[in-house]
Amino acid sequence: MAYLYFQFVRSSRSLLQLKGFSRWNCTKVDFEETLKHMISGSVTLDKDERSGIAVVSLDNNKKKNALSGSMMCELNDIINELQSWQTGKGLILRGENKTFCSGGDLDTFKNIPSPEQGYSMSGFIGQCMQNLSQLPLISVALVEGNALGGGAEMAMSCDFMVMSDNARVAFVQKKMGVITGFGAGTRLVRKFGTLKALDILASARTMDATECERLGLASKILPYSENVLDLTKSWLHNYCEGDPKVIRNLKSMVIAASNLPLEDSHAIERKLFSELWGGESHLKAHKSKLKH
Ligand SMILES: CCCC(=O)SCCNC(=O)CCNC(=O)[C@H](O)C(C)(C)COP(=O)(O)OP(=O)(O)OC[C@H]1O[C@@H](n2cnc3c(N)ncnc32)[C@H](O)[C@@H]1OP(=O)(O)O
């Protein structure tokens, strides 16, 4: 199995070399420096130690929460910070101003016009989305208003999508003359299979909350209201109740199972299980003689 994986990585590398991508060797740090100077909007983090739920909010009011270069860097820093939040259990990614995100900031994109820069930007934000999806926290994208293009891709990087009943999701990349650049093409195919992914991406259609729920993109529709964030926190709390160590190991097991070959995934599952066996929560549950 390891040999096959190695062969696959080698052949992917040669495919990239064949296509001339190997000359694009700008490092992540170099490109972060470039993105940092494309300033517009902000991303904030609010960690609630009591519930173990963090809220990450995108705010770029003048551009319907478009994700600028500086916001990509801020989001990346926040996700790095969340990686070491040992008592965390859940995460909500949302937008201020009653909308989620209108995609990549078109002004930022105008300033990085070459294929080489596109490749570096996609590498930077793609890694950031990958880190988000692999956090040992149960994550939810709360979509109000629009999630377009890169905004739809960000929502796809969370475990769950909760939508207000007036919200819409559209992978408009094709209409913008590109394809998915934040990694959601791969995510859509892996989650839904080729046909459904092709249907969503190639039609580039706008999907309302009901359609998203029917397709399995959205897990919950909430009535549009002022307290939709509180409702989302309560919904997420159902999954986050309990010992952070248990929630985090559970999520880590799911990540391993979705990415690794069977044997490796089982080995990690056993390791994560044994870390909890005989632990505080396990002993407490035994003593309390729970009836389910
Ligand atoms: C690999 C990543 C691929 C991508 O993400 S490509 C980007 C995809 N997104 C887009 O093309 C968004 C295009 N914009 C729209 O469709 C509409 O503006 C949208 C979001 C439905 C909102 O419509 P309305 O509510 O009618 O508001 P509006 O059009 O007057 O917009 C208000 C101001 O926001 C701006 N805006 C919206 N989305 C933006 C974006 N992505 N980057 C930069 N600026 C953006 C829009 O230009 C307008 O600015 P202004 O007030 O005219 O100066």
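In each ligand, atom 1 is the first atom listed, and ligand 1 is the first ligand listed. Treat the numbers as computed from the prediction; the structure is a model and nothing was measured.
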Heavy-atom closest contact (Ser133 atom, Asp159 atom, distance):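 Closest pair (atom of Ser133, atom of Asp159, distance): O-OD1, 4.4 Å.
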
Write down the atom of Lys36, the atom of Ser70, and the distance for their closest heavy-atom approach.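 Minimum heavy-atom separation between Lys36 and Ser70: O-CB, 3.8 Å.
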
Transitive ILVMFWY side-chain link [X] to [Y], under 4.5 Å:
X	Y	answer
Leu91	Val140	no
Met129	Val178	yes
Phe100	Ile78	yes
Leu142	Leu217	no
Met154	Phe160	no

NZ/NE/NH1/NH2 to OD/OE distance under 4.0 Å, [X] and [Y]:
X	Y	result
Lys98	Glu96	no
Glu211	Arg205	yes
Lys196	Asp199	no
Lys233	Asp48	no

Can you confirm whether something in the protein, heavy atoms only, sits under 4.0 Å from [atom]?
atom	value
atom 46 (C) of ligand 1	no
atom 40 (C) of ligand 1	yes
atom 27 (O) of ligand 1	yes
atom 53 (O) of ligand 1	no
atom 23 (O) of ligand 1	no
atom 4 (C) of ligand 1	yes

So is there a nitrogen or oxygen of [X] less than 3.5 Å from a nitrogen or oxygen in ligand 1?
X	answer
Glu153	no
Gln173	no
Gly150	yes
Gly104	yes

Side chain, backbone, both or neither: which part of [X] has a heavy atom under 4.0 Å from ligand 1?
X	result
Val178	neither
Lys63	both
Ala66	side chain

Number the atoms of ligand 1 from 1 as they appear, then name those within less than 4.0 Å of a heavy atom of [X], with their elements.
X	result
Asp105	42 (N), 43 (C)
Asn146	21 (C)
Val172	8 (C)
Gly181	1 (C)
Gly149	5 (O)
Leu148	16 (O), 20 (C), 21 (C)
Phe182	1 (C), 2 (C)
Gly103	5 (O)

Plane angle bin for Trp277 and Phe273 - parallel if under 30°, tilted between 30 and 60°, otherwise perpendicular: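 Answer is tilted, since the angle falls between 30° and 60°.
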
Heavy-atom distance to atom 48 (C) of ligand 1: which of Lys64, Met176, Lys62 wins? Lys62

Do me a favour and list the nearest non-hydrogen protein atom to atom 12 (C) of ligand 1 with residue, atom name and distance?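 For atom 12 (C) of ligand 1, the nearest protein heavy atom is Ser102 O, 3.5 Å.
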
Shortest protein heavy-atom distance from atom 42 (N) of ligand 1, along with the residue and atom involved: Leu106 N, 2.9 Å

Using modelled atom types and a 3.5 Å cut-off, is there a donor and acceptor pairing between side-chain atoms of Glu213 and backbone atoms of Ala218?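 Side chain of Glu213 to backbone of Ala218, a donor-acceptor pair under 3.5 Å: no, none is there.
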
Rounded to the nearest 0.5 Å, how far apart are CG of Asn60 and OG of Ser40?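 It is 3.5 Å, given to the nearest 0.5 Å.
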
Checking side-chain polar atoms at under 3.5 Å, does Ser225 have a donor or acceptor matched by the opposite partner on Asn227?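 Note: Ser225 and Asn227 side chains meet the donor-acceptor criterion.
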
Compute the minimum heavy-atom distance from Lys175 to ligand 1 and say whether it is under 4.0 Å. no

